[in-house]
Amino acid sequence: MKCHVEIPYPKIHVTKKNPDLARLIMHSYAGDVSEDTAIHQYMYQSVILAKEYKEVSRILEEIGKVEMHHLEILAELILELGVYPIYLDPIVDHHEFWNSKYVAYETELKPIILANIEAERNALSQYNSLIHLISDESVKCVLKRIVLDERLHLEIFEKIYQSIS
């Protein structure tokens, strides 16, 4: 099963340095709803489900790899915008470093898939809000391409959920 859309990612290019925009993107990089959280959550779940649900485990691992690629893209974008991409969420008042408490530690298949549906919906909402806030078309194009993968992930999790309900 393909876990990414077969469309190339745009080249990382920004119109000008913009540390404020970089900080906004860092929320999707390493905040509570972020690529970093998705990676940890999907890898954890892949291990938890490996014996009983091999195919779902494999899908989670593949989606996790796509999220790793998104994390790399966002890091490059943040750096191009003039900020070092650290695992910190500058959006919250106290500038919180990424924390494993963001991961949904479910252990049963149905709650895992429901948590992932919610996570993907939240990620889509966050990316779409960010896209509407920014004016740099190059950055928008990169984020819109990531959104395509996130929509696919949501569809995959919804199909899995339908098959187990």
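The figures that follow rest on heavy atoms only: side chains count, while hydrogens, waters and symmetry mates do not. All values derive from a computational prediction rather than experimental measurement.
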Quick check against the 3.5 Å criterion: does R23 have a side-chain atom that pairs as donor or acceptor with the backbone of P19?
yes
Please step through side chain to side chain contact (heavy atoms under 4.5 Å, CB included) for the pair I131 and N128, ending with a clear verdict.
CA-CA 5 Å; I131 289 165; N128 286 326; 4.2 Å; yes
State, without any angle test, whether S34 and S28 hold a side-chain donor-acceptor pair at a distance under 3.5 Å.
no
Got a sec: does the CD of E108 have more than 12 other heavy atoms crowding it under 6.0 Å?
no
Check: E106/Y44 side-chain N/O donor and acceptor closer than 3.5 Å
no
Hey, could you give me the CD1/CG distance between I48 and L60, rounded to the nearest 0.5 Å?
11.0 Å
Pair N99, Y87: side-chain N/O donor-acceptor within cut-off below 3.5 Å
no
Trace of the side chain to side chain contact (heavy atoms under 4.5 Å, CB included) decision for E61 with M43:
CA-CA 6 Å; E61 185 176 338; M43 292 299 118; 4.2 Å; yes
Heavy-atom pair with the smallest gap, counting every atom of Q41 and A119:
NE2-CB, 4.2 Å
Donor-acceptor pair between H27 and Q126 side chains, under 3.5 angstrom
yes
About how many Å separate CG of D20 and CD1 of I25, when rounded to the nearest 0.5 Å?
11.5 Å
Please report the closest heavy-atom contact between I86 and M26, naming both atoms and the distance.
O-CE, 3.3 Å
Heavy-atom pair of closest approach, residues L71 and D36
CD1-N, 3.8 Å
Exercise: do E67 and H153 side chains pair donor with acceptor under 3.5 Å
yes
Distance col, row D149:CG vs I63:CD1, nearest 0.5 angstrom, shows 10.0 Å
Name the atoms and distances for all side-chain donor-acceptor pairs under 3.5 Å in residues 157-165, with sequence neighbours left out.
from, atom 1, to, atom 2, distance (Å)
E158, OE2, R121, NH2, 3.1
S163, OG, I160, O, 2.7
S165, OG, Y161, O, 2.9

Looking only at heavy atoms, the pair that brings L81 and L21 closest together is CD1-CG, 3.9 Å
Can you tell me how far the OH atom of Y42 sits from the SG atom of C3, to the nearest 0.5 Å?
10.5 Å
Can you confirm whether the side chains of E35 and H69 place a donor and an acceptor under 3.5 Å from each other?
no
Using a strict threshold of under 4.0 Å (side-chain N to carboxylate O), is an ion pair present between E96 and K101?
yes
Exam field: side chain R145 to backbone P10, donor-acceptor pair closer than 3.5 Å:
no
Testing the basics here: between A115 and A104, what is the closest heavy-atom pair and its distance to 0.1 Å?
CB-CB, 3.9 Å
Mind running side chain to side chain contact (heavy atoms under 4.5 Å, CB included) on L79 and Y84 for me, showing each step along the way?
CA-CA 5 Å; L79 194 57; Y84 289 110; 3.9 Å; yes
